[in-house]
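Convention: sequence-line order gives letters A, B, ...; per-chain numbering from 1. All values below come from the heavy atoms of this structure, side chains included, with hydrogens, waters and symmetry mates left out. Remember, it's a predicted structure, so these values are computed and weren't measured experimentally.
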Amino acid sequence: MTAVNGDQVASDSYDARALQDKWQARWAKEDPFTASEDPADDRPRRYVLDMFPYPSGDLHMGHAEAFAMGDVVARYRFQLGENVLHPIGWDSFGLPAENAAIQRDSHPAEWTYANIETQAESFKRYGVSLDWSRRLHTSDPEYYRWNQWLFLRFFERGLAYRRHGLVNWCPKDQTVLANEQVVQGRCERCDTEVVRRSLNQWYFKITEYADRLLDDMAQLEGKWPERVLLMQRNWIGRSDGADVEFTVEGRGEPVTVFTTRPDTLYGATFFVVAADAELADELCAPEQREEFEAYRAQAAKLTDIERQSTERVKTGAFLGRYAINPVNGERIPVWAADYVLAEYGHGAIMAVPAHDQRDLDFALKFELPVREVVDTGEGDPAETGIATAGEGTLINSGPLNGLAKSDAIPRIIEILEERGTGKSAVNFRLRDWLLSRQRFWGTPIPIIHCPDCGEVAVPDDQLPVKLPENLKGADLAPKGTSPLAAAGDWVNVDCPKCGAAAKRDTDTMDTFVDSSWYYLRYCSPNLDTAPFDTEKVRAWGPIDQYVGGVEHAILHLLYSRFFTKVLHDMGMVDFTEPFTRLLNQGQVINQGKAMSKSLGNGVDLGDEIDKYGVDAVRLTVVFAGPPEEDIDWADVSPAASLKFINRAFRVMAQAGAASEPGADPSTGDLALRKATHQTIDKVTAAVEAYRFNVAIARIMELVTAARKAIDSGPGAADPAVREAAETIAITLSLFAPYVAEEGWERLGHTGSVAIGNWRTADPALLVQESVTCVVQVASKVRDKLEVSPDISEEELERLALASEKVQGFIGGKTIRKVVVRAPKLVNIVVG
RNA sequence: AGGGCCGUAGCCCAACAGGUAGAGGCGCAGAGCUUAGGACUCUGACAGUGCGGGUUCGAAUCCCGUCGGCCCUACCA
């Protein structure tokens, strides 16, 4: 099937390609989707945003789905007559450009900007209602300058800092990765096993905002997908418990441990320090030194994947020291082990083998004592090998004896606080955001390292620190240090403070910095005195509807929320959450699997559009199912969508040929008018509820009803047919913009159908004069009655009992109860 | 290992707050139109909601268990 030909009467045929060219040119000329900044414009403002694309080649099926969904929301708002901001830009820094440049011996900008042009053209063809005047690219110095400016503000506030630490290193990409970019011990980008390296790196102090990132989720409840909120909650990973101080023999300062189970303090039978923590090194007694060093070296060799395997048996080394339990003065041995993490809590734990499986595994391996302090009614952990972590009653615990676990926790914290050896505490799984990258195609970190002054901020008036332009091709190849280090004339500068010879920081920022605030930049994309105009952001923000894939559930969305809060604290934005509502569209897959080159199951968006037209492709992805569900291309039929579009088009064209705009619909066919107004009502409700697939089904019904009215009803000239056809054009404009415009024109209208044309249903046409009431006897349907929708319960009960069929089923049985739900149901319960 | 989401005709999906299981589409069968095919118009058949319990006058919908699929976290103290 092709969209282009057909033997139909010329005036009734829908020629997708011709319409695309025609309306694209019109939209380009008339600019109907540009947001208004006119202060006198008092239409409600609405900010709808799709996650901006990365410019890797042309748009693909995934973009087709995401942008079709976002466009339904934006176009609906345009139809309601609102002042809609629906901008577009490109997330144009990042590794693929750099890799392409190395391969082609060129500059990453060439590949990047060429791809952006291709994608921009594709967006225009795809008919997305975008405001092109606000276009931005994060790789433009005019944009990344403000990354640097923001970095410096963070730096001033102590929210950007540099420290040595064990970091995730991807050996293939030759760069460090944020925690969030490591999935199952592998690089999320290239799937290479990540190794640990100790490096001096820049971090953003996102952990300082952990509580607020968690608490402010209350604002998002019901407006973001529940699973995204859940993933963020898990990722932040708040644990409530207590810090407890243990004295270690031979050390002046006590060692603090974090525990979520301070109630089990009397059951601590040994003490474990992370093997890779400095503390382990410090505590190790001379006679254990050799054994410890050997253990530490062996542990360091393990990859994360090996280390994290739950199957693995516990390993460790005794440090030859003892810690003193602060509540009972007991001496317990101090061990080093790699099952304790240096970066979490204080890098040391009290081990309670009876009630913690990890500690129990360790105790059984090294024959350490196991003492129960909570009676849970289960078997002895020392014998069963199963730690009892549940509820129970405290035993062997001095003053806690007899208390329930939930009462013992606050009680022991009280006791510890009285003695000054502990306090309640909170810990987070969330780590600080590692933002340095040893790659070229990103934002240079605006810091100068001076031998005397240390880390010196590049003064604001010297921003942007632009990327050197003389590096290309092989210069960019990963070497484990940033390629920027090779640009001598770029690196060597004078210290802004003392004027001495100094060097620029040669790392670039994680590209997630770019995307953490771009939605603010759209409000004033060309401003050259600040990252954004705070007044404009006040007028537009926060974003009413954000649309994008669930793959960003943690990374991008968490970072953006963090940035927004920092900017709020700086007084630059007055909201604390950037995205009021979030819609996660699903993936487009094929034959049950993600599309991939190796499987050969890829579907090319351009090919599909050539075959079926933009309208049919858009309609297909939106109609396939609920927006958040994956679409299997093998299960859907763009050919069927095209067929429907043709049906809709013929109705509009025939109605347009038979009547003029402005006909009074009230003289038209009543049944069709009711169908039309039902459709308006139901499509509105479905769109508001993000059930776009259902909205389309409702339009299909109206097309069928109009078809019948033309063929075997009042005929094409009936005013009700015009009303139906206009409603089809208006509602369809959210999903299939080209055919909607063309249909609207055929119906005799001159302007675009897309703006301010949404209609409201006439309530008088929504009322039914009769409804079908189901009469059940013992919950089985036995009769149906046609009744008035406002029938009283008494009347309905009387009618139901009077039914002969019903009487037949009641027989001689006693009526025990009659449930009446007027006007739709009566259930007669017999005994 | 823990947590979450989802199982409805051959297939994709509907079913407002528990109230007639079916809106829409694909596919299939048939009829009209047609030289024929396609296109177009119309008609029809097909499930009792993964499985087992429970609550209720009434369960796809709520609760418990179980099986299957997907996702998240994963030695985080």
Any strand counts, and the cut-off is 3.5 Å on both contacts for Watson-Crick or G-U wobble. Which nucleotide pairs with [N]?
| N | answer |
| --- | --- |
| B:C46 | none |
| B:G27 | none |
| B:C40 | B:G32 |
| B:A9 | none |
| B:A59 | none |

Any donor-acceptor pair under 3.5 Å between the side chain of [X] and the base of [N]?
| X | N | result |
| --- | --- | --- |
| A:K708 | B:C42 | no |
| A:R227 | B:G4 | no |
| A:R261 | B:A77 | no |
| A:N827 | B:C57 | yes |

Please classify the nucleic acid contact of [X] as base, sugar-phosphate, or nothing, using heavy-atom distances under 4.0 Å.
| X | answer |
| --- | --- |
| A:L230 | sugar-phosphate |
| A:F644 | nothing |
| A:K784 | base |
| A:V819 | base |

Task: Atom CZ of A:R816: over 12 foreign heavy atoms under 6.0 Å - done: no
Open item on the list: Just checking A:K365: does its NZ atom have more than 12 heavy atoms from other residues, nucleotides or ligands closer to it than 6.0 angstrom?
Closed with: yes
Open item on the list: Under 4.0 Å, heavy atom to any atom of RNA chain B: which of residues 771-778 of chain A qualify?
Closed with: A:T772, A:V774, A:Q776
Taking the same atom, [atom1], in [N] and in [M], what whole-Å distance lies between them?
| N | M | atom1 | value |
| --- | --- | --- | --- |
| B:A77 | B:C5 | C1' | 29 Å |
| B:U73 | B:G65 | C1' | 25 Å |
| B:G52 | B:A59 | P | 15 Å |
| B:G53 | B:A60 | P | 15 Å |
| B:G32 | B:G18 | C1' | 45 Å |
| B:C28 | B:C71 | P | 32 Å |
| B:C6 | B:C16 | P | 14 Å |
| B:G30 | B:A45 | C1' | 10 Å |

Within less than 4.0 Å of OP1 or OP2 of [N], is there a side-chain N or O belonging to [X]?
| X | N | result |
| --- | --- | --- |
| A:S641 | B:G25 | no |
| A:R647 | B:U41 | yes |
| A:K643 | B:C26 | yes |
| A:R691 | B:C13 | no |
| A:R707 | B:C42 | no |
| A:N693 | B:A14 | yes |
| A:K817 | B:C57 | yes |

TODO: Would you please name every residue forming a side chain to side chain donor-acceptor pair (under 3.5 Å) with A:D211, sequence neighbours left out?
DONE: A:R238
- [ ] Using the test side chain to side chain contact (heavy atoms under 4.5 Å, CB included), find all partners of A:T384 that sit at least two apart in sequence or belong to another chain.
- [x] A:I386
Taking the side chain of [X] as heavy atoms from C-beta outward, which of [options] is closest to it?
| X | options | answer |
| --- | --- | --- |
| A:D635 | B:C72, B:C12, B:C16 | B:C12 |
| A:V694 | B:G24, B:G19, B:A14 | B:A14 |
| A:P626 | B:C13, B:A74, B:A23 | B:C13 |
| A:D711 | B:U41, B:U73, B:C26 | B:U41 |

Specify the separation, in whole Å, of atom [atom1] of [X] and atom [atom2] of [N].
| X | N | atom1 | atom2 | answer |
| --- | --- | --- | --- | --- |
| A:D632 | B:C70 | CG | P | 14 Å |
| A:L341 | B:U73 | CG | C1' | 14 Å |
| A:L702 | B:G25 | CG | P | 13 Å |
| A:D338 | B:A74 | CG | P | 17 Å |

Taking atom types as modelled and ignoring hydrogens, do the side chains of [X] and [Y] form a donor-acceptor contact shorter than 3.5 angstrom?
| X | Y | result |
| --- | --- | --- |
| A:N325 | A:Y266 | no |
| A:Q232 | A:W224 | no |
| A:D432 | A:T207 | yes |
| A:T376 | A:E391 | no |

Task: Sidechain-backbone polar pair: A:E372 side chain, A:A354 backbone, donor-acceptor under 3.5 Å - done: no
Task: Aromatic centroids of A:F362 and A:F270 separated by under 6.0 Å - done: yes
TODO: Pull up the glycosidic torsion of B:G38 and say syn or anti, syn being anything within 90° of 0.
DONE: anti
Open item on the list: Go nucleotide by nucleotide along RNA chain B from the 5' end; which of A:M231 and A:Y344 gets its closest nucleotide reached first?
Closed with: A:M231
